[in-house]
Protein chains: 2
Amino acid sequence: MRIGMRIGELAARAGTTTRTLRYYESRGLLPARRTDNGYRAYDEADLKLLRQIRTLQDFGFDLEETRPFVDCLRAGHPEGDSCPASLAVYRRKLDELDALIGELQSVRAKVGEQLTRAERARDELAAEATVPGGPEPACEWGGRTR
Amino acid sequence: MRIGMRIGELAARAGTTTRTLRYYESRGLLPARRTDNGYRAYDEADLKLLRQIRTLQDFGFDLEETRPFVDCLRAGHPEGDSCPASLAVYRRKLDELDALIGELQSVRAKVGEQLTRAERARDELAAEATVPGGPEPACEWGGRTR
DNA sequence: CCTTGCCTTGACGCCGACGTCAAGGACTAC
DNA sequence: GTAGTCCTTGACGTCGGCGTCAAGGCAAGG
């Protein structure tokens, strides 16, 4: 059974980089013990913390939002979301997601409308151009006309 | 009838800042003529270009994506989206939006699941704690463990 | 003349989550 | 001893779209 590991192994096991771990430590999110020679030392519990952070990051949580989950785990709770503060973050994130999705759907609808309108305008111009005796186009299309 | 305006007025009329206009110019998106004293000079056509840019920016297009629309207008076309390149940007943006919305909805579902699961776990712990002779909680709530 | 309010260029700051490089120490293998 | 691979800290770069000075020029009103 493994007793401890250094930063490279932890990073590899969590699918991230040593730079990321040092960054988390600099943010006070994942402090490390040190061996005699000054190397960072981690254990399985740290891996669990790290995986919790990474999972939430993958969901789009920013680092500060993962802190309650990490604190919760370190307090001895079985899961990072076993604490009210974590649940509050979940709820806030759900609200944010709903708001964002709504905005994006609104934008999507508007852009879709614009595309439809622009295509129709293009087709109408093309039709006029082919109608005998039709009006000349307002401007040239991508170079020369006709 | 207005013949021209300086940067402050154009910015105000488009609801943006002089800094933004200089930035657009530095990106080659909205070059300005100059008066004798070196001041930037704009006209109504520039306002139209600027409004096109701002509208797309509000939709979440990045600056480079607005370039085809601006070029289209400057080429003399009635609308910024009267050119194939603009339509291509619309379509690409629609695809991006659909992909992003899909991802966000997926994340939303997962976070929602997590919240539900965590709340259920919490309620079960609470129930066990009140049941006479029930098992002790895995850890203390909001205090220290061990 | 002086103030006020525009304008000019230049340059650094910001945000988040790291990437990347530099210089050097530690440990293992041969 | 020396090559190789890990580790350390420190510091600057990235990306987009500007914000925010700083130092100074130009025009108009009192």
Side-chain angles (χ1 to χ4, degrees), chain A residues 2-43 46 49-67 69-70 89 92-93 96 100 107, chain B residues 2-43 46 49-67 69-70 89 92-93 96 100 107:
Chain A
R2 295 182 168 285
I3 302 189
M5 53 192 148
R6 292 174 303 181
I7 194 169
E9 185 179 347
L10 179 60
R13 288 182 68 186
T16 182
T17 67
T18 61
R19 178 70 183 90
T20 296
L21 299 195
R22 293 196 189 95
Y23 177 64
Y24 291 171
E25 183 173 12
S26 79
R27 305 274 81 200
L29 204 59
L30 191 64
R33 287 160 297 286
R34 299 301 179 115
T35 60
D36 290 346
N37 58 18
Y39 288 8
R40 288 173 178 81
Y42 302 92
D43 57 20
D46 291 316
L49 296 182
L50 181 52
R51 286 193 168 138
Q52 171 74 82
I53 296 171
R54 291 267 93 196
T55 299
L56 295 175
Q57 288 269 90
D58 290 344
F59 283 170
F61 287 53
D62 39 79
L63 263 193
E64 280 311 309
E65 290 176 324
T66 72
R67 199 178 291 275
F69 295 80
V70 175
V89 173
R92 200 157 47 75
K93 186 55 68 175
E96 282 178 28
L100 182 54
V107 167
Chain B
R2 296 185 168 281
I3 303 185
M5 53 192 148
R6 292 175 302 180
I7 194 169
E9 184 177 348
L10 178 58
R13 287 181 69 185
T16 182
T17 68
T18 60
R19 179 68 183 89
T20 296
L21 299 194
R22 294 196 188 95
Y23 177 64
Y24 290 170
E25 182 173 14
S26 79
R27 305 274 81 201
L29 204 59
L30 191 63
R33 287 159 298 286
R34 300 300 180 118
T35 61
D36 290 345
N37 58 17
Y39 287 8
R40 289 171 177 82
Y42 302 92
D43 57 20
D46 291 316
L49 296 182
L50 181 52
R51 286 192 167 138
Q52 173 73 80
I53 297 171
R54 292 267 92 198
T55 299
L56 295 175
Q57 287 270 87
D58 289 345
F59 282 170
F61 288 53
D62 39 82
L63 264 192
E64 279 312 308
E65 290 176 325
T66 72
R67 199 178 292 274
F69 295 80
V70 175
V89 173
R92 201 157 46 74
K93 187 54 69 175
E96 282 179 26
L100 182 54
V107 167

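The chains referred to below are lettered A, B, ... by the order of the sequence lines, with proteins before strands, and numbering in each begins at 1. Everything numeric in this text was worked out from a predicted model, so none of it was measured.
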(message) Using whole Å, what does the distance between atom C1' of nucleotide C:dA17 and atom CG of A:Leu29 come to?
(response) 12 Å
(message) OP1 or OP2 of C:dC18 versus the side-chain N and O atoms of A:Gln57: is any pair under 4.0 Å?
(response) yes
(message) Base of C:dT9, side chain of B:Arg22 - is there a donor-acceptor contact under 3.5 Å?
(response) no
(message) In whole Å, I'd like the distance from the CG atom of B:Asp36 to the P atom of C:dC7.
(response) 17 Å
(message) Would you say B:Thr20 places a side-chain N or O within less than 4.0 Å of OP1 or OP2 belonging to D:dG17?
(response) no
(message) Please report the distance, rounded to the nearest Å, between CZ in B:Arg27 and C1' in D:dG17.
(response) 10 Å
(request) Considering only NZ, NE, NH1 and NH2 on the basic side and carboxylate oxygens on the acidic side, decide whether A:Glu64 and A:Arg67 come within less than 4.0 Å. (result) yes
(request) Starting from P on D:dG24, measure out to OH on B:Tyr39 and report it in whole angstrom. (result) 16 Å
(message) Give me the atom names and distance for the closest heavy-atom approach of B:Val70 to B:Leu49.
(response) O-CD2, 3.9 Å
(request) Map A:Asn37 and B:Asn37 onto DNA chain D by nearest heavy atom, then report which one ends up closer to the 5' terminus. (result) A:Asn37
(message) Can you measure A:Phe61 atom CZ to C:dC18 atom P for me and round it to whole angstrom units?
(response) 15 Å
(request) Establish, with yes or no, whether the OP1 or OP2 oxygen of D:dT9 is under 4.0 angstrom from a side-chain nitrogen or oxygen of A:Arg40. (result) yes
(request) Please tell me which of the listed nucleotides, D:dC7, D:dC18, C:dT8, lies nearest to the side chain of B:Arg19? (result) D:dC18
(message) Would you say that more than 12 heavy atoms from the other residues, nucleotides or ligands in this model lie under 6.0 Å from the CZ of A:Arg27, or not?
(response) no
(message) In this structure, how many angstroms lie between the P atom of C:dT8 and the CG atom of B:Leu10, rounded?
(response) 11 Å
(message) Taking salt bridge (charged side-chain N to carboxylate O under 4.0 Å, His left out) as the definition, give me every residue that meets it alongside A:Asp43, ordered by chain and number, with sequence neighbours left out.
(response) A:Arg33
(request) Between C:dT8, D:dG19, D:dC18, spot the one nearest the side chain of B:Tyr24, thanks. (result) D:dC18
(message) Nearest 0.5 Å, please: how far is CZ in B:Phe69 from CD1 in B:Ile53?
(response) 11.5 Å
(message) Using the side-chain heavy atoms of A:Tyr23, tell me which of these nucleotides is nearest: C:dG16, D:dG16, D:dT9.
(response) C:dG16
(message) Distance check needed: C:dC27 P versus A:Arg6 CZ, whole Å only.
(response) 10 Å
(request) Could you check how far CG of A:Leu21 sits from P of C:dC18, rounded to whole Å? (result) 10 Å
(request) Counting heavy atoms from C-beta on, name the nucleotide in D:dC7, D:dG16, D:dG19 closest to the side chain of B:Asp62. (result) D:dG16
(request) Would you tell me if any nitrogen or oxygen in the side chain of B:Thr17 comes within less than 4.0 Å of OP1 or OP2 on D:dC18? (result) no
